[in-house]
Amino acid sequence: MKAVVIQEFGPPEGMEVVELPAPVPGEGQALVAVEATGVAGADVLIRSGALAAYGFKPGHIPGGEIAGTVTAVGPGADPAWVGRRVWAATGVGGGYAEQVAVPVTALHHLPGGLDAVDAVALGGAGVVAHFGLRHARFAPGESVLVRGAAGSLGIMTVQLAARQGASVVAVTTSSRERGERLRGLGATHVLDRSGGGDPDAPGTYDVIIDVVAGLGLPAFLTRLNPNGRMVVVGTVAGPPPADFGMELLTAFQRSLSFATFSAATVPEGERREVTAQQLAAASRGELAGVVHGVLPLERAVEAHRAMDAGEVFGRIVLTAAGS
């Protein structure tokens, strides 16, 4: 089978399409013939080498989620899965391949009307957005700012905050065109990357969901209301300055809170329940995973170049032959 591996960490050109033996499903696993896999910000960070401290080695296959059809199961797995169309989380990698073996506990049946491409544009991002808002203790009627809203995670956060009754859903993004598309998904105010550009937008917010982090993070801590909460769910711009916490101490009497969030801390049963609910909602047209473009697996390098250039609105999806 074909798979994309990282031969050398750094620029996208360090990835290569190779032939590998097809995996054999082990105990409690299912073999999925992959139709689509999403290109996520985490894939880009891993490929760039920014997460080298986590032990990633050359030969790593990126891709944290797939959609396709189960073709076989291993010992101890329910054979009724064979032939079903599914979405599955693959963890920190493995998805950029024509076939993937995953635990059956990672499988979700794809509801009718939801194709593989739309499923991976929604799947993992929707779960992080849901629990990120919960981690921020967001309540209906509160104001929300989504910093870095043009990616799949930001887009899902905008939709969920609007559906859950936010009084304001402001976004930061890089262009007016992207801002208008975000308005169509539930945003009420569009700001530039620095947090300006809309004189009618609130100056401060109850909740900030930050997908960006980076050197600009401290300035957004000052945009929190008293008792406001910022939750960082992504670090596409890298880590914040080492002394960013001084903004919290300087504003001590405003009782501000800062947190990070990873879906890995959510019990598997809760993640499964929310994923199933969101896939069903997408099949009914109530949630939208925005697809920037669809490329064959062999063009993964091109997809990562677009990600590095900041050209992507939503998610690029790679399609595989599944054989």
Side-chain angles (χ1 to χ4, degrees), residues 1-5 15 17-40 42-43 60-127 152 268 271-272 274-283 287-300 303-304 314-323:
M1 69 166 189
K2 290 185 175 64
V4 176
V5 301
M15 297 191 300
V17 180
V18 301
E19 288 285 343
L20 295 175
V24 176
E27 181 77 25
Q29 289 188 322
L31 183 65
V32 180
V34 178
E35 298 171 29
T37 184
V39 178
D43 302 340
H60 178 77
I61 300 173
E65 60 184 294
I66 58 171
T69 301
V70 176
T71 58
V73 295
D78 185 352
W81 279 108
V82 177
R84 291 188 184 179
R85 297 179 61 251
V86 297
W87 175 91
T90 59
V92 296
Y96 290 19
E98 290 182 322
Q99 298 186 66
V100 179
V102 296
V104 292
T105 54
L107 300 177
H108 287 269
H109 175 68
L110 281 187
L114 185 63
D115 66 24
V117 169
D118 288 333
V120 297
L122 167 77
V127 170
S152 56
E268 182 181 357
R271 294 200 308 269
R272 288 189 59 81
V274 169
T275 298
Q277 291 171 352
Q278 291 183 344
L279 291 174
S283 73
L287 284 177
V290 176
V291 178
H292 176 87
V294 180
L295 296 172
L297 186 67
E298 293 83 354
R299 293 170 65 184
H304 275 240
R315 177 160 286 186
I316 297 178
V317 177
L318 302 176
T319 55
S323 61

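Atom set for the values below is all heavy atoms of this structure, side chains included, hydrogens, waters and symmetry mates excluded.
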Chemist: Can you name the closest pair of heavy atoms from A320 and A97 and give their distance?
Modeler: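 Taking every non-hydrogen atom into account, CB-O, 4.0 Å.
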Chemist: Of the non-hydrogen atoms in A40 and R315, which two are nearest, and what is the gap between them?
Modeler: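 The pair with the smallest heavy-atom distance is CB-NH2, 3.5 Å.
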Chemist: For G95 versus V100, what's the shortest heavy-atom pair and its separation?
Modeler: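 Scanning both residues completely, I find the closest heavy atoms to be CA-CG2, 4.3 Å.
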Chemist: Restricting to ring-ring contact (aromatic ring centres under 6.0 Å, His included), what partner residues turn up for H292, sequence neighbours left out?
Modeler: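 Partners of H292 under the ring-ring contact (aromatic ring centres under 6.0 Å, His included) test: none.
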Chemist: Rounded at 0.5 Å granularity, tell me how far CG in L279 sits from CG in D118.
Modeler: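 Output value for this atom pair is 11.0 Å.
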Chemist: Heavy atoms, side chains only, cut-off 4.5 Å: are V120 and T37 in contact?
Modeler: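 No, every pair of side-chain atoms sits at 4.5 Å or beyond.
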Chemist: Nearest 0.5 Å, please: how far is CZ in R271 from OG1 in T105?
Modeler: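 The distance works out to 9.5 Å.
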Chemist: Can you label the angle between the Y96 ring and the H304 ring as parallel, tilted or perpendicular, going by 30° and 60°?
Modeler: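 Correct class here is perpendicular.
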Chemist: Drop me the distance from T275's OG1 to L107's CG, to the nearest 0.5 angstrom.
Modeler: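 Separation between the atoms: 12.0 Å.
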Chemist: Could you state the interatomic distance from CG (L318) to CD (E35), rounded to the nearest 0.5 Å?
Modeler: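 If I round to the nearest 0.5 Å, the distance is 14.0 Å.
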Chemist: Can you tell me how far CG of L31 sits from CD of Q99, rounded to the nearest 0.5 angstrom?
Modeler: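 It is 5.0 Å, given to the nearest 0.5 Å.
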Chemist: Tell me, please, which residues at least two apart from R85 pass salt bridge (charged side-chain N to carboxylate O under 4.0 Å, His left out).
Modeler: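 Expected list: none.
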Chemist: Give, for atom CZ of R84 and atom OG1 of T69, the distance between the pair rounded to the nearest 0.5 Å.
Modeler: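 Answer rounded to 0.5 Å: 12.0 Å.
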Chemist: Look at the side chain of T71 and the backbone N and O of V32, then say whether any donor-acceptor pair between them is shorter than 3.5 Å.
Modeler: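 Such a contact is absent between T71 side chain and V32 backbone.
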Chemist: So, the side chain of T90 versus the backbone of G63: is there a donor-acceptor pair under 3.5 Å, distance only?
Modeler: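 Side chain of T90 to backbone of G63: a pair is present.
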Chemist: Quick check: closest heavy atoms across L110 and V86, and the distance to 0.1 Å?
Modeler: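 Nearest pair, atom of L110 first, then V86: CG-C, 3.7 Å.
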Chemist: Would you name the heavy atoms of S283 and G112 that are closest together and state the gap between them?
Modeler: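 Looking at all heavy atoms of both residues, the closest pair is CB-O, 3.7 Å.
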Chemist: Taking salt bridge (charged side-chain N to carboxylate O under 4.0 Å, His left out) as the definition, give me every residue that meets it alongside E19, ordered by chain and number, with sequence neighbours left out.
Modeler: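 If we apply the salt bridge (charged side-chain N to carboxylate O under 4.0 Å, His left out) test to E19, skipping adjacent residues, the hits are K2.
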Chemist: Decide side-chain contact (heavy atoms from CB on, under 4.5 Å) for D78 and V73; before the verdict, give the C-alpha distance in whole Å, the side-chain angles of both, and the deciding distance to 0.1 Å.
Modeler: CA-CA 7 Å; D78 185 352; V73 295; over 6 Å; no
Chemist: How far apart are the closest heavy atoms of V24 and Q29, and which atoms are they?
Modeler: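 Shortest heavy-atom separation between V24 and Q29 comes out as O-OE1, 4.2 Å.
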